[in-house]
Amino acid sequence: MAVLTADQFAGVTLLKDEPLSKYTYTKTGGPADWLAFPETVAQVQEIVTYTHDHQIPLTVLGNASNLIVKDGGIEGLVLILTKMKKITVSGNLLTAQAGAAYIDTTIVARDHSLSGIEFAAGIPGSIGGAVFMNAGAYGGETKNVVKQATVLTPAGELETLDNAALDFGYRHSAVQDGKMVVLDATFELTPGDFDQIKAEMDDLNARRAAKQPLELPSCGSVFKRPVGHYAGKLIHDAGLQGYTVGGAQVSTKHAGFIVNIGQGTAKDYQAVIRHVQETVLAKFGVQLETEVRIIGRD
Ligand SMILES: Cc1cc2nc3c(=O)[nH]c(=O)nc-3n(C[C@H](O)[C@H](O)[C@H](O)COP(=O)(O)OP(=O)(O)OC[C@H]3O[C@@H](n4cnc5c(N)ncnc54)[C@H](O)[C@@H]3O)c2cc1C
């Protein structure tokens with residue numbers, strides 16, 4: 001594997017051994033060997049191509065709101081795309097760069113009286129993470145509104161994928177299978193009424209604040225919805241709310257969340273996840289699969 005240096009890529013500063021706990025929503029995770037915040041598509045393309053050609057592991061993150069980075073950190077180079085956050089509107093089409101916050105994107109849509117992404121008003125991820133995960137809430141899904149996305153292939157080639165090619169499913173998209181990097185997404189929205197759109201977004205945010213432990217670090221719903229069940233209800237019925245290992249705790253407010261109540265580590269999170277999975281399987285015969293991505297070195 002080639003060795004990187006801090007000034008390897010023109011105009012991009014590489015931080016060495018940078019703790020990822022500074023950036024993750026759970027406030028856990030070890031260091032990235034190297035971490036960079038590129039600002040342009042050309043920079044991302046150069047980095048993707050270089051790391052591909054030199055077999056340097058590359059990991060791309062957005063807002064790190066659906067992740068547990070293990071305590072050993074991440075090998076190779078990590079890119080966080082939050083500096084690429086331009087949002088533009090042309091008629092009914094809204095294009096957001098991968099690092100734009102989904103929340104900010106919904107606000108721009110609202111301010112242009114464009115309807116369709118109200119459901120995402122409180123999803124704390126980036127557009128890249130939302131396309132990768134097909135993020136959804138309150139009956140809405142990213143797949144219903146994305147017209148196309150610009151991606152880089154693992155070799156660094158630019159491609160435009162339309163909605164069908166993105167092959168969206170429940171918390172799934174082709175980006176995952178193809179190990180692509182999302183650069184932007186274009187949403188096809190419908191003209192609406194500003195007041196109605198705002199009321200809908202405010203209502204969803206109030207419902208979220210009432211139900212979710214937003215006052216503590218977490219990674220959202222930890223488990224996917226098992227067919228025929230709700231993960232949160234199974235966890236609640238298993239009496240697991242409040243179950244704690246170190247600083248990671250099954251939220252007492254929302255059973256589907258695991259919150260960091262102190263100096264929680266990724267190992268604490270992993271131990272709570274395992275215990276919840278084993279207990280729910282033993283009590284109800286349902287295997288809970290994680291929605292949150294667990295990545296990095298032990
Ligand atoms: C309080 C809270 C509430 C939440 N509520 C919801 C909800 O209602 N609905 C929902 O669906 N999710 C929810 N989430 C989870 C999360 O916000 C979403 O999954 C979001 O889409 C993740 O985006 P991100 O930018 O944070 O992705 P990250 O966590 O940074 O990354 C997630 C995955 O996407 C990949 N990825 C990120 N950016 C890119 C890119 N540009 N190109 C390629 N791959 C990329 C990463 O490699 C990683 O595998 C919630 C999380 C929290 C903390």
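Counting starts at 1 for both ligands and their atoms, in listed order. This chain uses plain numbering: 1 for the first residue, then up along the sequence.
- When only non-hydrogen protein atoms are considered, atom 6 (C) of ligand 1 lies nearest to Arg208 NH1, 3.9 Å.
- Glu278 has no carboxylate O lying under 4.0 Å from a charged side-chain N of Arg274, or vice versa, which leaves the two without a salt bridge.
- Interface atoms of ligand 1 facing Leu81, defined by a heavy-atom separation under 4.0 Å, are 41 (N).
- The shortest contact between atom 4 (C) of ligand 1 and any protein heavy atom is with Pro124 CD, 3.5 Å.
- The option with the heavy atom closest to atom 52 (C) of ligand 1, from among Gly220, Gly256, Pro213, Ser173, is Gly220.
- Although no hydrogens or angles enter the test, the distance criterion places a donor-acceptor pair under 3.5 Å between the side chain of Asn63 and the main chain of Pro124.
- Ligand 1 lies less than 4.0 angstrom from a heavy atom belonging to Met180.
- A ring-ring contact (aromatic ring centres under 6.0 Å, His included) check over residues 8-40, counting only residues at least two apart or in different chains, returns the pairs Phe9-Tyr50, Tyr23-Phe37.
- Between Tyr25 and ligand 1, no N or O atom pair is found at a separation short of 3.5 Å.
- Remark: minimum distance from atom 25 (O) of ligand 1 to any protein heavy atom is reached at Ser126 OG, 2.6 Å.
- Closest to atom 38 (N) of ligand 1, if we only count protein heavy atoms, is Gly129 N, 3.4 Å.
- Of all the listed residues (Ile294, Val182, Ile127), Val182 holds the heavy atom that lies closest to atom 41 (N) of ligand 1.
- Considering backbone and side-chain N/O of Asn63, one or more are found under 3.5 Å from N/O of ligand 1.
- Of all protein heavy atoms, the one closest to atom 48 (C) of ligand 1 is Leu67 CD2, 3.9 Å.
- By the 4.0 Å heavy-atom criterion, Thr59 is excluded from the residues contacting ligand 1.
- Looking only at distances, no side-chain donor or acceptor of Arg293 sits under 3.5 Å from a matching main-chain atom of Asn66.
- Each of the atoms 49 (O) of ligand 1 lies under 4.0 Å from some heavy atom of Arg293.
- When only interatomic distances are considered, the shortest N/O to N/O separation between Ala135 and ligand 1 does not fall below 3.5 Å.
- By heavy-atom distance, the residue among Ser65, Ala101, Gly128, Gly99 lying nearest atom 26 (O) of ligand 1 is Ser65.
- Within ligand 1, the atoms closer than 4.0 Å to a non-hydrogen atom of Val181 are 42 (N), 43 (C), numbered from 1 in the order shown.
- Formation of a donor-acceptor pair under 3.5 Å by the Asn163 side chain with backbone atoms of Val146 is found in this model.
- The pair Lys224-Glu291 does not meet the salt-bridge criterion, since no charged nitrogen lies less than 4.0 angstrom from a carboxylate oxygen.
- With Asp33 contributing its side chain and Gly76 its backbone, the two residues share a donor-acceptor pair below 3.5 Å.
- Classification of Lys253 and Glu215 as a salt-bridged pair holds, one side-chain N sitting under 4.0 Å from a carboxylate O.
- Inter-residue side-chain proximity for Leu158 and Gln45 is flagged as met; some heavy-atom pair is nearer than 4.5 Å.
- Using a distance-only test at 3.5 Å, with no hydrogens or angles considered, a donor-acceptor pair links the side chain of His254 to the main chain of Gly256.
- The heavy atom nearest to atom 46 (C) of ligand 1, out of those in Leu61, Val60, Val44, is found in Val60.
- A donor-acceptor pair is defined here as one N or O able to donate and one able to accept, closer than 3.5 Å; no such pair exists between the side chain of Asn260 and the backbone of Ala248.
- Residue Gly136 holds the heavy atom nearest to atom 10 (C) of ligand 1 of all those in Ala120, Ala137, Ala98, Gly136.
- A donor-acceptor contact shorter than 3.5 Å is absent between the side chain of Gln249 and the backbone of Thr244.
- Here's the thing with Gln212: none of its N/O atoms is less than 3.5 angstrom from an N/O atom of ligand 1.
- Contact annotation: for Leu214 versus ligand 1, heavy atoms closer than 4.0 Å belong to the side chain alone.
- Under a 4.0 Å criterion applied to the non-hydrogen atoms of Arg171, ligand 1 contributes the atoms 11 (O).
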